[in-house]
Amino acid sequence: MAEGTSGRRRFSDKWGKHELDVLAVLSSAFPQWLTSRQIAQRVKAYADSYGELADQAAKAAFAKQFQRDRAKLAAMGIAIESRQPEYSSKSEGQDFASYRLQLGDEPRIRLMFEPEDMPVLAAANYLARSMSISSEPDHSQLTQQASRTTPRVPQTPIPGLGLDSIAPGLGTQPIPDSLVKVIDSRRFAATVDVDGEHLNVAYTDSDDLAMFVLEHPGATIVSPQEAVDAYHRRLHAASRFTLADESASPVSASVVSPSISRDVREPGDPESIKAQNKKNGSAFQTGSEVDRRLRLMLFLSAHLGEEFSMSELAERFIGKPKNEDELKKYVNIIHKDINTLTTVSDDGEMAGSQFFDIDWPLLDAEGIVSATNSLGLERLAGISPQYLSMLTASVSYLAHSPLLPDKQRGQAESLYERLHRHVSPGQTPWLSLTGYELEPRSFSIVKRAINTDSLLDMEYSDGTGSTRRKLVAPAKIFIDEGVYYAAVYTDVGSAAPKDKKAYVSKDKTIDKANGKPRIWQVLRLARIEKAELVKPTKQINIPNMPVSELRKWSFDNGTDAVFITDQRDLAFIKTLPGATVEQCGAGEKVHLTVSSDSWFVAFCIAHARHITAVAPETLRTMIVARAERELSISENK
């Protein structure tokens, strides 16, 4: 028995493959159930550490270690279901529980993916996994209250390994940090009914989801119930708004609005301009030896009898080698993994991890791997129909969103067409990330012009609907009332190439609104229909112009609005360009010019848990009416 210095039992796993042994033992026994004692006897690492489970300390130590291993396998997509026996209801819970591998009867879909599909597929898999995980109900409290004699349910696996088994290159694909940041910041998922269609929406917090729903008239939250309740709390709070005092204090501070500009180099993700402090997590990449061997085991199980070169497997499961020496190193690692997967213990009753037979003469002579006899684990390989539908939706979303580079978006469109053929009509869920429906297609090229100090030859629609063409220098992108704006500098004649000079604006008259020459233009990005980058003939010195000033160029007439908060330094106030803030009791009074009344109504309701009063009365009346209408719609459903 292995003992720690404190007298506790130390788990012994000399070869580092006990999870694989657990899988082999349960696979060999399927469809029979094995008790804890049988598993402890048959898995060598357990037997070395816990023996025959002869005492309570051994039972407790084994139960803790086995549940860790079970959770690890579930995280890789392999579920182990459990049940309580007819006897031992007075035992310590898991002493005599029975377990069985959950292979399942549903058909798995196996597809062939091209190497160019891998970056897009990895990104879509990350998005689909995030949506699936955040949609899972939290059963932790229920589990704690359950009786020890209550029959146990299968441990739900996290989807993904089935796909990994037929597209193992996923494990070595880098996922852009910007994409990870955007997805990870939306930690929750809800189902929203929009015009009769159910939409899976990933969102940051309840304010974020409320704003999404209010910006889609007629939309209602279907599930989860916590999201419905949070939305209703905001509606009730908004219906009780009082009228705010509109007077302004001489002591006030302007909100410094986030923007992408030539002066401040932002990271490559669009979210950076929203000034939201979000964690920058790394992409899910399974990198440990056990993880790699599990993927290799399922891949070979899914392709029994097929031949793969060692170098091909090395690149699929470890990565593209930089040179010959690194290739040899990778091949040796894969060779060691195959030895591990075909090793049988010599201890009689002890089971080992022999998942299949390998054609050793072929491997030794030509470096080619061919496997047979897979213990039925091929049933785990491939994609379940349910996960394929979510994966297809994720690919479609990425094809039509600005989260991927243009080249990968085209690849995503192609991949979507292929995946969609394997999904039954009506089964592909609608999917959305809050904040990524309004971003126009011209965002990428305008941002590229800013980052590279380029001019932009653009065709855009003016206020009358006519199409105009102009050569400008984009200086800033900012978000105002949920809409993307570009501030462009028009006095670029000295830096314009000869063939583009005709498109330079020469209007230097004084703007009556701000008393300055018309050398700036602020327009919605959505109005830019075509654009191409133009290299300037010389560097342009563009004067810095605060967003609060730039707003005056775009708002010929707006509504002066006020709202009062119940506390200070709230994050959502920092997203309001040109607003002025003053202290007001325990909170703050915020003054801003509103271009869209409907946006202000949605904004105040979405943040109603921290807003107590609004003005003028016309807007307060609109807010109360909208909140009461939304409540009545919810009650009638």
Side-chain angles (χ1 to χ4, degrees), residues 74-75 77 122-142 156-160 163 175 178-216 219-234 269-271 274 276 278-281 283-284 383-404 412 416 419 423 426-439 606 634 637:
N125 185 46
Y126 188 74
L127 174 57
R129 281 171 54 90
S130 300
M131 293 290 290
S132 300
I133 294 169
S134 60
S135 299
E136 286 292 325
D138 184 7
H139 296 301
S140 56
Q141 293 182 345
L142 296 176
T156 305
I158 297 173
L163 174 64
I175 300 176
S178 57
L179 177 66
V180 173
K181 182 179 179 183
V182 168
I183 294 174
D184 284 3
S185 68
R186 290 157 177 79
R187 301 182 302 277
F188 310 103
T191 302
V192 178
D193 185 308
V194 181
D195 298 327
E197 298 283 0
H198 278 194
L199 200 67
N200 295 283
V201 179
Y203 61 97
T204 303
D205 54 30
S206 296
D207 291 1
D208 186 30
L209 180 62
M211 194 73 185
F212 178 87
V213 172
L214 291 162
E215 288 183 328
H216 292 76
T220 55
I221 302 172
V222 178
S223 64
Q225 188 58 43
E226 307 91 81
V228 176
D229 294 342
Y231 182 55
H232 284 173
R233 284 196 295 272
R234 282 155 181 76
D269 65 295
E271 278 299 284
K274 298 185 182 181
Q276 296 171 333
K278 295 172 181 174
K279 61 180 180 179
N280 188 3
F284 170 79
I383 318 171
S384 69
Q386 292 85 353
Y387 191 64
L388 180 62
S389 67
M390 180 61 79
L391 186 69
T392 304
S394 299
V395 172
S396 175
Y397 186 78
L398 291 175
H400 298 95
S401 79
L403 293 171
L404 290 181
Y416 169 74
L419 292 179
V423 180
Q427 283 192 349
T428 303
W430 293 79
L431 184 147
S432 177
L433 300 180
T434 52
Y436 274 83
E437 289 63 50
L438 301 177
E439 188 167 293
S634 300
K637 286 200 170 186

Does any non-hydrogen side-chain atom of [Y] lie less than 4.5 Å from one of [X]?
X      : Y      : answer
Val222 : His198 : yes
Leu179 : Leu398 : yes
Ile221 : Thr191 : no
Tyr126 : Asp184 : yes

Can you name the nearest heavy-atom pair linking [X] to [Y], along with the distance?
X      : Y      : value
Ala606 : Leu214 : N-CD1, 4.0 Å
Ala123 : Leu404 : CB-CD2, 4.3 Å
Leu433 : Ala202 : CD2-CB, 3.4 Å
Arg187 : Thr204 : NH2-O, 3.7 Å
Val194 : Ala219 : CG2-CB, 4.0 Å

Straight-line distance of [X] [atom1] to [Y] [atom2], nearest 0.5 Å:
X      : Y      : atom1 : atom2 : result
Glu226 : Ser206 : CD    : OG    : 9.5 Å
Tyr416 : Thr392 : OH    : OG1   : 7.5 Å
Thr434 : Glu215 : OG1   : CD    : 10.0 Å
Met211 : His216 : CE    : NE2   : 11.0 Å

Counterpart residues, salt bridge (Lys or Arg N to Asp or Glu O under 4.0 Å), relative to Asp207 (two or more places apart):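 Checked Asp207 against salt bridge (Lys or Arg N to Asp or Glu O under 4.0 Å); matches are Arg234, Arg609.
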Intermediate values then yes/no, side chain to side chain contact (heavy atoms under 4.5 Å, CB included), Val213 and Tyr231: CA-CA 9 Å; Val213 172; Tyr231 182 55; 3.6 Å; yes
Counterpart residues, side-chain contact (heavy atoms from CB on, under 4.5 Å), relative to Ala412 (two or more places apart):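 Here the qualifying residues are Val120, Val395, Ala399.
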Pair Asp193, Thr220: side-chain N/O donor-acceptor within cut-off below 3.5 Å: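 No, no side-chain donor-acceptor contact under 3.5 Å.
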Short side-chain donor-acceptor distance under 3.5 Å, Tyr387 and Asn125: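 A pair is found: one side chain offers a donor N or O, the other an acceptor, under 3.5 Å apart.
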With sequence neighbours excluded, residues passing ring-ring contact (aromatic ring centres under 6.0 Å, His included) with Tyr203: Phe188
side-chain hydrogen bond (donor to acceptor under 3.5 Å, both in side chains) involving Asp205 - partner list, sequence neighbours excluded: none
Polar side-chain atom of Ser394 near backbone of Met390 as donor-acceptor pair, under 3.5 Å: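 Judged by distance alone, yes, a pair lies under 3.5 Å.
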